[in-house]
Structures are given as C-alpha cells and as structure tokens.
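Comments concern the structure below.
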Number of protein chains: 2
Amino acid sequence: MSDKSTRDHIVEAADQLFYHNGFEHTSFSDIADAVKISRGNFYYYFKTKDDILEAVIDVRLAKTRAMLDQWERDGRTPAERIRSFIHILITNRADIKQYGCPVGTLNAELAKLDHGSRPEAAALFMLFRNWLCKQFALLGRKRDADALAMHVLAMSQGVATLANTFQDDRFIQREVQQMDDWLALIADGEVPTSRPARVN
Amino acid sequence: MSDKSTRDHIVEAADQLFYHNGFEHTSFSDIADAVKISRGNFYYYFKTKDDILEAVIDVRLAKTRAMLDQWERDGRTPAERIRSFIHILITNRADIKQYGCPVGTLNAELAKLDHGSRPEAAALFMLFRNWLCKQFALLGRKRDADALAMHVLAMSQGVATLANTFQDDRFIQREVQQMDDWLALIADGEVPTSRPARVN
DNA sequence: TACTTATTTGGACAATCGTCCAACAGGCTA
DNA sequence: TAGCCTGTTGGACGATTGTCCAAATAAGTA
C-alpha cells in the first residue's frame with residue numbers, strides 16, 4: 001500500500017520539534033527541513049497540522065504503554081515499579097533540564113491554545129496516573145491509591161518545571177532521593193493514609 | 001510628560017492575555033482589541049513585542065514583591081507566612097484550573113522559544129524561592145532552608161500543572177491540606193533535615 | 001489667537017503561516 | 001510499450017504576523 005517510512009519520519013521529527021520548540025512555534029517548514037522533504041508533501045499524509053499533532057500523541061501513547069508494560073515485567077515488586085517511574089527524572093535529566101517534561105509542557109501549551117487535542121494529551125497523563133494507581137493498590141494502599149498516584153505525578157511535574165527553569169541537575173537528584181525514601185516508607189506500611197508521617 | 005494610563009492599559013491587557021493564551025499565541029491585534037486602541041499605537045510606547053513582555057514581567061515582579069512584603073507584615077510567624085504562599089493555590093484555584101500557574105507556564109513557554117527574557121522570568125521564581133528560603137531559615141532550618149523552599153515551590157508547581165490538566169479542584173484542596181500538615185511538622189521541628197519523616 | 005509638542009490613527013511593508021494543487025517521477029502491471 | 005498507481009515536487013493562495021511611518025488629531029503653551 002504505502003511506504004510508511006516517510007510518514008514515520010514526519011511524525012518522529014514533529015515529535016521531537018514539538019517537544020523542543022513547542023507545538024505552535026514549530027512550522028511545517030521546520031519539520032520539512034528536518035525530514036528533508038518538500039513542504040507540499042505533508043498534505044499527502046496529513047490534512048492539517050492538527051492531524052500531525054494527533055499522530056504524535058498517538059505515538060507517544062503507544063510508546064508510553066510499551067514502557068509501562070516493560071516496567072511491569074521488569075519490576076519484581078510494585079515499589080520497584082514505582083521507583084522506575086520516579087527515576088525517569090534521572091534518566092532523562094538532560095532533556096528535562098533543557099525542555100521540561102514532554103507530557104506536562106504539551107498539556108500546558110494545549111490548554112493555553114484551547115486546542116481540540118487537549119483530551120488526548122491529558123490521556124497521556126492518565127496512562128501514568130492509572131498505572132501508578134494500580135501499583136499503589138498492589139502495595140496495599142487500595143483506599144488512597146489514586147491520591148498517592150496523583151501525588152507522585154505532581155512531585156515529578158514540579159521537579160521537572162523547576163529543573164527546567166533553574167537549569168539544575170542536583171535539585172533533581174535531591175528530590176528523587178527524597179521520593180525514594182518516602183516510597184520506602186509507604187512500602188513498609190509506615191505512612192498513614194492520605195497524611196504525612198507523624199512522629200510518635 | 002506622558003499620560004501613563006494608555007501604557008498601563010496595554011501592559012495590563014498583555015499581562016492577562018499572555019497568561020490566558022500564551023505569549024506567542026497573543027498578537028498585537030489581540031492586545032489592541034482588548035485595550036481598544038489602534039494597532040499602530042503600540043510603537044509609540046514599545047519598540048517590539050519583546051519590550052511588552054519585559055514590561056509585563058516587570059509589573060509581575062513588582063506585584064509579587066509587594067505581595068510578599070504584605071505577607072511578611074501580616075503573618076506573625078514564619079510558618080503562617082509560608083502557609084500564605086501555599087494557599088495561593090486555593091485563592092487562585094479557578095484561574096489555575098483554567099490556565100495553570102502564571103509563573104510556571106510563562107517560564108515553560110519561554111524555555112521552548114529560547115527567548116531572551118528567560119532570566120527575567122526565572123527571577124519571578126527566584127523571588128518566591130528566596131522569600132521562602134528566608135522564612136524556613138527563621139523557622140530554624142538554616143541548613144536546608146533553600147532545599148525546603150525548592151521543595152515547596154516544586155509541590156506547588158506540580159499541583160498547578162495537574163489541576164490544569166485534569167480540571168480538578170478537590171485535588172488542589174487535598175494536596176494543600178497535606179502541605180499544611182507537613183509544614184506544621186516542620187514548624188514543630190519534627191522532620192529531620194532533608195529527609196522525610198521517619199517513624200520510630 | 002497661533003505655535004509646538006504629545007498622542008493616536010489607519011494602513012503599508014515584507015515575511016511567514018497553514019493550506020492546497022497541478023505537474024511530474026518512478027515503478028508496477030497489462 | 002502504454003497505462004496506472006503511489007509518492008513527491010515546488011510554488012501559488014489568502015490570511016496573519018510584527019514592524020514601521022506619514023499624516024491627522026489632541027493637548028498645552030506662548
């Protein structure tokens with residue numbers, strides 16, 4: 001039918017450019033230059049720029065699902081799996097320092113543009129939220145699993161935002177360390193529901 | 001010399017539009033329509049769009065300084081003052097739900113645009129950081145005051161980002177409650193330096 | 001009153017945006 | 001070979017962008 005490589009190259013380049021420079025700030029010409037095709041060729045694969053965004057989000061959704069599945073196979077305990085999530089901050093710290101969190105910044109931009117693909121971008125967050133929720137439930141925190149998932153998500157977002165603004169690596173390291181310690185307490189059942197630890 | 005009201009109206013309208021729709025997505029025409037002046041009149045007060053951004057940031061810096069000074073006068077204890085900061089999330093929850101944090105989203109956008117005013121936007125964050133740092137020092141946490149300040153900033157940013165994405169009010173309420181409890185522990189000297197609480 | 005300065009107007013400008021298409025190249029089948 | 005399908009090209013299009021200015025108006029001074 002169709003040679004998928006060109007379409008894939010477009011989506012791949014758009015994905016990176018949207019992350020690095022933002023969706024609106026990225027033009028057709030920018031993507032065309034990156035893929036080294038003519039500007040007119042886009043219309044053969046995508047009707048509008050918004051269609052490219054949808055394709056990019058779809059790819060990100062698929063990649064995220066694959067990553068979460070992999071973590072579920074690799075991590076022997078729920079705590080280990082949650083730790084895998086937290087440690088993306090370390091793994092991707094170079095990119096985060098330069099461009100922030102790809103999920104958070106995309107959602108923030110689409111909110112300002114009042115863009116039609118906001119729900120799909122939010123689904124990206126929902127993927128992590130539900131996965132984390134599941135892991136906390138397995139940890140025996142069924143009652144407040146979602147609250148804990150949101151808490152971890154919020155921390156990660158905040159750390160990414162500040163690391164980006166202040167261009168600070170060690171801040172990431174420090175906050176991840178704290179989250180690891182916090183997670184260990186949760187895993188040991190030492191933190192009361194929905195409340196911070198209280199010293200006896 | 002010059003009637004400042006027109007200039008002030010421009011900056012005021014630009015401030016709001018930049019927050020609601022983003023800097024790049026806001027055009028001269030948008031601002032002109034809001035202020036009800038002709039598009040050409042901008043050049044009398046500002047040479048470029050970037051100059052308007054600088055003016056907007058300057059106003060935000062001044063307003064923020066005034067707010068922090070006020071909190072310092074009102075709050076009788078450092079803990080009360082820090083609580084004032086945390087509770088912006090509640091006070092401004094309607095705007096945060098719709099547009100996110102004005103400081104965080106501006107910094108995120110300028111980072112992607114690789115904009116020249118990034119440092120000035122970061123100074124907006126620095127204002128909060130230094131003020132919080134001072135309050136934690138007064139609380140007797142001189143050694144890790146800045147780390148605690150960054151931690152509070154990060155939490156606030158993460159909460160704002162997720163509240164915006166998920167359009168969730170109660171999430172803000174819940175996280176603020178947790179931060180209040182955490183702050184109370186810090187104020188009572190019950191949380192070890194740079195580490196989460198450890199149950200005996 | 002006249003003259004000067006301060007402010008505002010509406011449109012010109014070059015560039016860029018997303019969109020769209022007629023023409024063309026290359027490979028495959030008949 | 002001739003015809004057809006799949007991909008690709010480069011540029012036209014109307015709209016919009018930020019910038020800039022000559023002219024008109026308002027305000028203030030002599």
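Residue numbering restarts at 1 for every chain, and letters A, B, ... go by the order of the sequence lines.
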What's the CZ-C1' distance between F42(B) and dG11(C), to the nearest Å? 16 Å

Going by the side chain to side chain donor-acceptor pair (under 3.5 Å) test, which pairs reach into residues 116-130 of chain A, not counting sequence neighbours? R129(A)-D146(A)

Starting at CD1 of I37(A) and ending at C1' of dG10(D), how long is that distance when rounded to a whole Å? 13 Å

Counting just side-chain N and O atoms, does Y44(A) come under 4.0 Å of either OP1 or OP2 of dG7(D)? yes

Base contacts versus sugar-phosphate-only contacts with protein, heavy atoms under 4.0 Å: please encode nucleotides 12-23 of chain C as B, S and - from 5' to 3'. B----SSBBB--

Taking atom P of dC20(D) as reference, at what distance in whole Å does atom CZ of F46(B) sit? 15 Å

Sequence neighbours left out, what passes salt bridge (charged side-chain N to carboxylate O under 4.0 Å, His left out) with R93(A)? Give chain and number order. none

Presence of salt bridge, R60(A) and D15(A), under 4.0 angstrom: yes

Just do the salt bridge (charged side-chain N to carboxylate O under 4.0 Å, His left out) check on K97(B) and D168(B) with the steps written out, would you? CA-CA 7 Å; K97(B) 217 173 72 166; D168(B) 192 336; over 6 Å; no

Expressed in angstrom and rounded to an integer, what is the separation of H9(B) atom NE2 from dT8(C) atom P? 11 Å

Is T6(A) near enough to dT8(D) that one of its side-chain N or O atoms lies under 4.0 angstrom from OP1 or OP2? yes

dT19(D) C1' sits how many Å from L53(B) CG, rounded? 17 Å

What is the distance, to the nearest angstrom, from the OH atom on Y45(B) to the C1' atom on dC20(D)? 17 Å

Side chains of Q98(B) and Q167(B): donor-acceptor distance under 3.5 Å anywhere? no

Does atom CD (E12(B)) have a neighbourhood of more than 12 heavy atoms from anything else shown, all under 6.0 Å? no

D51(B) atom CG is separated from dC20(D) atom C1', nearest whole Å, by 14 Å

